[in-house]
Number of protein chains: 2
Amino acid sequence: MLQLTKRTEYALIALTVLAGREGEVVSVREIGELYPVPRRLLAEVLKELSRAGILASQRGSNGGYFLTRPAAEINVAQVVGALEGLPAIAGCSSEDFEPGACEVEPVCPIRSPIQRLRIGVWAVFERMSLRDLAEPARPPLSRAVPVGSGASDGSSSGSGSEA
Amino acid sequence: MLQLTKRTEYALIALTVLAGREGEVVSVREIGELYPVPRRLLAEVLKELSRAGILASQRGSNGGYFLTRPAAEINVAQVVGALEGLPAIAGCSSEDFEPGACEVEPVCPIRSPIQRLRIGVWAVFERMSLRDLAEPARPPLSRAVPVGSGASDGSSSGSGSEA
DNA sequence: AGATATAGCACTAGATCGGTGCTGATTGGA
DNA sequence: TCCAATCAGCACCGATCTAGTGCTATATCT
Ligand code: SF4
Ligand code: SF4
């Protein structure tokens with residue numbers, strides 16, 4: 001399934017708040033009051049982000065979390081990477097992939113292309129920073145791009161989806 | 001989890017073969033002899049692709065599957081879309097998402113950004129055709145690109161995650 | 001008729017995910 | 001001093017999804 005986990009979504013929501021209040025210390029409760037998110041789970045997620053070094057925490061009363069770096073320097077890729085491990089696309093490019101786990105590997109014809117996809121997807125996530133998240137979205141949306149080899153003429157490729 | 005299913009991987013492997021033998025009719029057995037893939041499962045997947053209109057089938061002896069269109073006109077996005085539904089990134093942008101399923105939706109601050117990500121990821125998949133898959137990979141790799149608004153290009157952003 | 005191949009569908013076991021429980025440690029303040 | 005608020009750590013459960021298989025029917029070629 002090519003979809004982020006709820007944990008990651010909650011993380012991004014929380015980070016949106018954090019990014020809009022840089023320098024402040026924000027508690028899980030506050031965020032929970034802003035958005036109808038399972039607080040307990042949100043807390044768990046923020047702990048993870050803290051362990052990953054994206055957030056730092058302040059314990060005790062008046063405690064909470066805050067960004068360790070400017071919002072513009074933290075991108076979605078880092079967040080996703082911290083919570084789900086970097087996007088693998090295929091099993092063999094996952095972090096915890098043990099050699100031999102895939103029978104096809106020695107002769108797999110799609111490893112290289114998959115790798116290219118992975119890099120492309122990763123780049124998409126890298127290009128969106130927390131500041132982009134927090135801001136009301138300014139979409140110059142300068143035409144997508146990359147990854148393919150030749151593919152130059154892909155113009156005709158409709159979305160097609162299914163059915 | 002940001003990862004393709006095994007089904008999709010097998011589909012791509014099979015399509016690589018099909019793309020390299022355009023005009024021919026190739027059976028599941030043949031593909032299974034080329035790559036150590038669970039044939040039974042592979043068969044199931046090709047059926048799905050057939051239902052989705054990406055492949056057509058020929059039954060009976062000497063039967064098998066063949067592409068309905070030139071390999072260059074079929075891209076990975078179509079394949080993924082047929083097998084997993086288009087990349088949703090978040091639950092609310094999934095095909096079978098029922099309104100009200102997400103509590104946060106009415107006030108969600110990340111819907112718009114997520115949408116942008118979705119488009120970006122989708123574009124990455126669209127730009128890789130079956131021909132790109134089948135070819136021995138020539139990566140001029142035309143530098144990745146946009147999607148975000150500003151986005152500092154801190155290409156250095158490593159995984160940064162755990163371990 | 002018989003061998004080969006796809007069509008369709010249901011089913012099981014295992015992995016993953018969403019969410020919660022519980023206990024402890026740290027801090028600020030009444 | 002003691003209490004309330006808050007983070008830290010970890011284990012646990014139920015629901016969902018995935019990988020893979022079983023079985024039966026249908027079409028085609030020889
Ligand atoms: S080797 Fe090929 S089949 Fe095995 S996991 Fe990697 S991409 Fe998928
Ligand atoms: S609305 Fe926000 S939280 Fe709900 S699914 Fe969409 S992105 Fe995730």
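At a threshold of 4.5 Å between non-hydrogen side-chain atoms, the residues B/L2 and A/T8 do not count as touching. Residues A/I13 and B/P109 are in side-chain contact: their nearest non-hydrogen atoms beyond the backbone lie under 4.5 Å apart. Contact check for A/C102 versus A/F97: side-chain heavy atoms found under the 4.5 Å cut-off. Here the side chains of B/T5 and B/E84 are in contact, with some heavy-atom distance below 4.5 Å. Side-chain atoms of A/E73 and A/S129, non-hydrogen and from C-beta on, never get closer than 4.5 Å to each other.
Using a 4.0 Å cut-off on heavy atoms, the residues of residues 24-36 of chain A that approach DNA chain D are A/S27, A/V28, A/R29, listed by number.
For residues 100-109 of chain A, the salt bridge (Lys or Arg N to Asp or Glu O under 4.0 Å) pairs, not counting sequence neighbours, are A/E105-A/R111.
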Contact letters for nucleotides 18-29 of chain D, in which S counts primed atoms plus P, OP1 and OP2 and B counts the base, heavy atoms under 4.0 Å = SBBBBB--BBBB
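The CG-C1' distance, from B/L55 to C/dT6, rounds to 12 Å in whole Å. To the nearest angstrom, C1' of C/dT6 lies 12 Å from CZ of B/F66. Between the P atom of C/dC17 and the CG atom of A/L2 lies a distance of 13 Å, rounded to the nearest Å. For the pair A/R51 CZ and D/dC10 P, the computed distance is 7 Å after rounding to whole Å. What separates CD of A/E9 from C1' of C/dG18 is a distance of 12 Å, to the nearest Å.
Comment: A/E44 does not engage A/R39 in a salt bridge, judged by the lack of any side-chain N to carboxylate O separation of less than 4.0 angstrom.
With A/L15 as reference, A/L55 is the one residue of A/V45, A/V76, A/L55 to meet the side chain to side chain contact (heavy atoms under 4.5 Å, CB included) rule.
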